[in-house]
Amino acid sequence: MHEYAHIVSHDLKSPLRSIDALVSWIKTDNEGKFDEMTLENFNLINTTLETMEKLISNVLEYSSAGSNTSSPDDVDLNVTLSDLKSFLYVPENISINVVNTLPVIKGDKTKFQQLFQNFISNAIKFCDKEVGLVEVGYEDKNTFHQFFIRDNGIGIEKKYHEKIFQVFHSLNKRKDSTGIGLSIVKKIIDLHEGDIWLESEPNVGTTFSSH
C-alpha cells in the first residue's frame, strides 16, 4: 500500500507541475499584456496548485504513518525536538518551549518526528495571539510515558474533539490546512498502541496529551 501511494503521488504531482510550468510560460511570453484581474487569476491558479500538491503529499504521509518502516531504535526526543525547532518555520511572535527533559524511547525516529512536527505545526498555524506559546512536556508514569503539547491558540469546541482526528476534517477552511495533520498523529499513536486526548477552551488554547 505504501509503495502504491508513492507511485500515485508521483503520477498526480506530474500534471500539477506541468500546469504550473505552462502558466509560468504564458505569463512570461505575454509580459505586460495582461490586466490586473487576469494576473490575479493566474496567482489564484498557482495557489490552488500549491494546495493540491500539499494535499497529495499529506495523503502520502498519512498512508505511511500506520506502517512499521524500520526496526525500533533508541530515539532521544530532546534531539528530535531540537531538530524540529531548527527547521520548522516559527514566526517571531511564537515561542516553542520544552518544559522538562524528554526521555529516550524505543521506536522509529521518523515516526516520532512526524508526530511532534504535526502537533507543533498545527499549534503554530492556529495561533491567534500577539504572543504565541507552544509547550512540550513529559511525565514518567512508571509503566508508560505521557506527553503533552499545550498552546494558547484559538482552541477547539468540545463537540469537535473527536472529529478533528478524522481524515480531511479541518475546522478552519484555510488554504494551508488539508485536515490530515491530526489524523496522521492519531495513526502513529495507534501504531504504538497509545492513546490521545485533549482539553481545550475556545479562544484560550488547547492541550493534547498522549501516552
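The analysis underlying the following values was restricted to heavy atoms, covering all of them including side chains, and did not include hydrogens, waters or symmetry mates.
With a 4.5 Å cut-off on side-chain heavy atoms, Q113 and L84 count as touching. In this structure, the side chains of I196 and K186 come closer than 4.5 Å at one or more pairs of heavy atoms. Put simply, the side chain of D151 does not reach to within 4.5 Å of the side chain of F126, judged on heavy atoms. Using a 4.5 Å heavy-atom cutoff, the side chains of L81 and I120 are in contact.
Clustering ILVMFWY residues whenever any of their side-chain heavy atoms sit less than 4.5 angstrom apart, transitively, puts V104 in a cluster other than the one holding F112. Note on L133: it does not cluster hydrophobically with V136, by side-chain heavy-atom contacts below 4.5 Å among ILVMFWY residues. Hydrophobic clustering keeps F148 apart from I164 (ILVMFWY residues linked when any side-chain heavy atoms are closer than 4.5 Å, directly or through intermediates). Hydrophobic clustering (ILVMFWY, side-chain heavy atoms < 4.5 Å, transitive): I19 and F34 are in one cluster. With hydrophobic clusters built from ILVMFWY side chains whose heavy atoms lie under 4.5 angstrom apart, V75 shares a cluster with Y138.
Distance check, rounded to the nearest 0.5 Å: NZ of K187 to CG of L115 gives 14.0 Å. Atom-to-atom distance recorded for F144:CZ and I105:CD1 is 13.5 Å, nearest 0.5 angstrom. Taking OG from S82 and CD1 from I96, the interatomic distance works out to 11.0 Å, rounded to the nearest 0.5 Å. Rounded to the nearest 0.5 angstrom, E130 CD and N93 CG are separated by 8.5 Å. Rounded to the nearest 0.5 angstrom, K109 NZ and K111 NZ are separated by 14.0 Å. Taken from CG in L198 to CD1 in I149, the straight-line distance is 11.5 Å, to the nearest 0.5 Å.
K106 and D73 are not joined by a salt bridge, as no carboxylate oxygen comes within less than 4.0 angstrom of a charged side-chain nitrogen.
Relative orientation of the F116 and F147 rings is perpendicular, given thresholds of 30° and 60° on the angle between their planes.
Pairing each heavy atom of T206 with each of S200, the nearest pair is OG1-OG, 2.7 Å. Shown here for N152 and D128, the closest heavy-atom pair between the two residues is O-OD1, 4.0 Å. Heavy-atom minimum distance, G137 versus N100: CA-OD1, 3.6 Å. Heavy-atom minimum distance, L88 versus Q117: CD2-CG, 3.9 Å. Between G132 and C127, the shortest heavy-atom distance links the atoms CA-SG, 3.6 Å. The two atoms that bring H211 and Q146 nearest to each other are CB-CA, 4.0 Å, heavy atoms only.
In terms of modelled atom types and a separation under 3.5 Å, the side chain of N122 and the main chain of N118 share no donor-acceptor contact. Of the possible donor and acceptor atoms, one in the side chain of K129 sits under 3.5 Å from a partner among the backbone N and O of N203. A donor-acceptor pair under 3.5 Å is formed between the side chain of S210 and the backbone N or O of D195. Checked by atom type and distance alone, the side chain of N78 pairs as donor or acceptor with a backbone atom of L102 at under 3.5 Å.
Residues D83 and S86 have side chains that never bring a donor and an acceptor to within less than 3.5 angstrom of each other.
Using a 4.5 Å cut-off between side-chain heavy atoms of Ile, Leu, Val, Met, Phe, Trp and Tyr, W25 falls into a hydrophobic cluster with L22.
Under the ring-ring contact (aromatic ring centres under 6.0 Å, His included) criterion, F208 pairs with F119, not counting sequence neighbours.
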